[in-house]
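To keep things clear, I will list the structure first and then write my remarks on it.
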Amino acid sequence: MDIIKECVEALKELKERRPLVHNITNYVTVNDCANIILALGGSPVMADDISEVEDMVAIASSLVINMGTLSERTVGSMIKAGKRANQLHIPVIFDPVGVGATPYRNKVAQTLLNEIHFAVIRGNMSEIKCLNGLNVQTKGVDSVTDETGGVEVAKDLAARMNCVAAVTGKTDIITNGKAVCSIANGHPILAHVTGTGCMATALVGTYCGVVADSFIAAAAGVMTMGLAGELAQRTLQDKEGIGTFRVRLFDSVYNLGEDTIRKEGRIKLLA
Amino acid sequence: MDIIKECVEALKELKERRPLVHNITNYVTVNDCANIILALGGSPVMADDISEVEDMVAIASSLVINMGTLSERTVGSMIKAGKRANQLHIPVIFDPVGVGATPYRNKVAQTLLNEIHFAVIRGNMSEIKCLNGLNVQTKGVDSVTDETGGVEVAKDLAARMNCVAAVTGKTDIITNGKAVCSIANGHPILAHVTGTGCMATALVGTYCGVVADSFIAAAAGVMTMGLAGELAQRTLQDKEGIGTFRVRLFDSVYNLGEDTIRKEGRIKLLA
Amino acid sequence: MDIIKECVEALKELKERRPLVHNITNYVTVNDCANIILALGGSPVMADDISEVEDMVAIASSLVINMGTLSERTVGSMIKAGKRANQLHIPVIFDPVGVGATPYRNKVAQTLLNEIHFAVIRGNMSEIKCLNGLNVQTKGVDSVTDETGGVEVAKDLAARMNCVAAVTGKTDIITNGKAVCSIANGHPILAHVTGTGCMATALVGTYCGVVADSFIAAAAGVMTMGLAGELAQRTLQDKEGIGTFRVRLFDSVYNLGEDTIRKEGRIKLLA
């Protein structure tokens, strides 16, 4: 598989079809998620009331569930929307924000994993390790918090959950349990802006709206975020910081072209 | 009526009186709405708890109800605040975001139309057509989704609801059921940024806080958004996109002067 | 006490320790608060569900409670989180946004003051005067709304509540009931951007995460916001306004160095 070529095709497809992406997400980064989806060429809709999520997801091309500012009110909506999406074969993407931080967050993550089939789970290494621990259940969360063995943990989660695991960090890892690719794009300043993880997940969700293979959609979404971060950071001048960086991040996604993916995408298949 | 002159007067009045605009709105674009109201010269307050909305609206100059991220929790607050505003003769502005997308959204819009008298309803053509269909009730929504006859649909809604209908799109239409004006400002890139519709409604609400004639307030608000979009877009250089555009949108509203309205406002009375 | 030196030390400490700041806040300015905490060097977490706030605050270095978009749902969470923080000796910072505007807001503020010990209360003069009135209870709110006697009102509140009162305005006043300092940084344009008060409180909360003396933390946080406002405003050119200003505000906090505090900090001890 020529993964760069697949990502380029995915972008082309996305710009033509402008997929509707339904988000049930947090109130911290929701505006950024909407704008990054628009910047890429998708069409975002945010709706979380239990009275309408099943109808809303039915007209969408994908569903992103983000656990950032969890509340009792929206957990039920997440489950209803997720189950309906599963019935309709609409891909569901999960961002387990902050799993491991509190027992409540772990419990909700476990419930969502039990009730919904996710096409892609996108998190940082500690979140993915935590989810893997939760899922196995015989392991505690702490037993998997070391930073080694990332690829194995991701493959393990992907295989168990029959999904794609996308682990973002210095080097990103994407795996469907068998195929694995690594992405070396991005820049450390991304960690100094709130919501760059949520935005990466939103981009993955947008690609999932047009690409049947979730492995490619996840790779394309994560690489898009990394590339945008690099391009935005390069423009920064003296006295500019995360304020300007955030603005340029949206500009970079908006202007991302096939050539940039081909020239600057540092993605490779490991297995 | 010299509509440009009226809009210029409205802006002058607004800068002097800094109206307090109460918003019950969605959590996606709420920050943008607050900042655009401030940029124009108003003072925003966002409060949606049922225990305080009647007291809050009583000290405001106008009330904006935006249906973006509807939830059971806030529908009751919208009704209470709207009814109180009606009693106090404080103008209420309605943004029926996404009406037509789900049965729940249609039901809530219908309830709000039944319970509250709106001074202005601002939406895109498909939302306004949908509202008109809901209101008539004997027509289905689908029967009015064609893109022709926009002026007639807007006039019809305005006449039935005894309000001003403001329909934004390539050319905007403002009507109170009798007088009609069209506005040809704006730029297609506005559709690639989340919340530009919500912000237009917030601007209309700000003008409503100082102008007794809602037809003029709606025209001034919609034209302000269009002008800001044009001015912001003109500044964009190579590699800049929606990130920079959004920033300049606020700058443009903040710096909007009477001269710009006079020189660049493309508004005309049709009837 | 060399207050500038203390503020410089606080910033140094903060950059090294990157305190986790738990925020229970409003949905209008939450993204700005998260990004300003990150810009300064802290790590924000926003979580408000009653099922997890006690666990979340237990891993945090400080807790910021902001009353902006009050709702029944979160008042209970604020109390639970605040009480737990008090037990664990984690400093709690209070932003009584809009107190005085509605009876509900006054009632909630009173409840929070009764239930939680705050390390710092940060508000504008009218909010601080209102709180003082509430607390005394024999005085009505109106009796203290004149603009004179700011230092005395702040000292009074600080002494009664055994906290630091930080009053922001043209000149900011910080007091622990005995020591008082004034800060003359800032720029009027800050009032034309939503959330600059909330952000000042978030910065105070971030410093509180590393500095034991809340008087110094409050002074450092308020001065940081003022300096950032000045630096950002100075960069503005023709046709730039609050859009660009907001971006530069984050850049300025991100790049704030010890030298700038030493050269430009206009803080002095009054007593």
Side-chain angles (χ1 to χ4, degrees), chain A residues 18 20 22-60 69 71 73-74 76-77 81 202 228 231-232 234-235 243-257 260, chain B residues 25-36 46 48 66-76 97-109 111 188-199 232-233 235-251:
Chain A
R18 305 193 66 79
L20 183 68
H22 180 190
N23 298 265
I24 302 180
T25 188
N26 68 78
Y27 60 80
V28 184
T29 66
V30 59
N31 184 273
D32 293 334
C33 289
N35 274 319
I36 209 92
I37 290 170
L38 281 161
L40 187 61
S43 177
V45 64
M46 275 62 184
D48 65 19
D49 197 88
I50 201 153
S51 306
E52 73 167 349
V53 289
E54 289 172 299
D55 295 314
M56 195 62 93
V57 77
I59 58 171
T69 49
S71 89
R73 188 179 75 77
T74 50
S77 302
L231 296 170
R234 267 182 228 162
T235 69
T244 301
F245 175 73
R246 281 183 73 215
V247 172
R248 304 271 167 79
L249 207 50
F250 291 98
D251 286 352
S252 298
V253 172
Y254 185 77
N255 287 308
L256 186 72
T260 306
Chain B
T25 188
N26 68 77
Y27 60 80
V28 184
T29 66
V30 59
N31 184 273
D32 293 333
C33 290
N35 274 319
I36 210 93
M46 276 64 185
D48 65 19
N66 174 306
M67 211 169 82
T69 48
L70 263 189
S71 88
E72 298 283 3
R73 189 179 75 77
T74 50
V75 172
V97 183
V99 68
T102 66
Y104 176 63
R105 220 156 262 266
N106 295 352
K107 197 190 78 181
V108 171
T111 303
I189 197 176
L190 282 163
H192 294 270
V193 173
T194 195
T196 52
C198 304
M199 287 187 255
Q233 193 278 332
T235 69
L236 292 188
Q237 301 188 340
D238 189 36
K239 295 193 179 176
E240 293 182 338
I242 64 163
T244 301
F245 175 73
R246 282 182 72 215
V247 172
R248 304 269 168 79
L249 207 50
F250 292 98
D251 286 352

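The sequence lines fix the lettering, A, B, ..., with proteins before strands; numbering per chain opens at 1.
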Subject >> Atom of A:Asn26, atom of B:Tyr27 and distance for their closest heavy-atom approach >> reply: O-CE1, 4.4 Å
Original post:
Considering all heavy atoms of both residues, which atom of B:Pro103 and which atom of A:Asp55 are nearest to each other, and what is their separation?
Top reply: CD-OD2, 3.4 Å
Original post:
Looking at A:Ser51 and B:Tyr104, what are the two nearest heavy atoms and their distance?
Top reply: CB-CD1, 3.5 Å
**OP:** Measure A:Asn255 against the heavy atoms of chain B and call it side chain, backbone, both or neither at under 4.5 Å.
**Re:** side chain
Original post:
Given a strict heavy-atom distance threshold of 4.5 Å, which part of B:Val193 is in contact with chain A: side chain, backbone, both, or neither?
Top reply: both
Original post:
Is any side-chain heavy atom of A:Arg248 closer than 4.5 Å to a side-chain heavy atom of B:Lys239?
Top reply: no
Original post:
What part of B:Arg246 lies closer than 4.5 angstrom to a heavy atom of chain A: side chain, backbone, both or neither?
Top reply: side chain
**OP:** Kindly give the heavy-atom pair with the smallest separation between B:Glu72 and A:Asp49, and that separation in Å.
**Re:** N-OD1, 2.9 Å
**OP:** State, to 0.1 Å, how close A:Ile59 and B:Ala101 come at their nearest heavy-atom pair, and which atoms those are.
**Re:** CD1-O, 4.1 Å
Original post:
Do you know which of B:Asp32, B:Thr194, B:Thr29, B:Asn31 makes side chain to side chain donor-acceptor pair (under 3.5 Å) with A:Asn31?
Top reply: B:Asp32
Original post:
Between A:Ser43 and chain B, which part of the residue has a heavy atom less than 4.5 Å away: side chain, backbone, both or neither?
Top reply: neither
Subject >> Taking every non-hydrogen atom, the tightest pair across B:Gly241 and A:Asp251 >> reply: N-OD1, 2.8 Å
**OP:** Among A:Asp48, A:Ile37, A:Asn23, A:Thr244, single out the residue with the greatest number of heavy-atom pairs under 4.5 Å to chain B.
**Re:** A:Asp48
Original post:
In terms of heavy-atom pairs under 4.5 Å with chain A, which of B:Thr69, B:Ile242, B:Leu70 leads?
Top reply: B:Ile242
**OP:** Could you grab the distance from atom CZ of B:Phe245 to atom CZ of A:Phe250, nearest 0.5 Å is fine?
**Re:** 14.5 Å
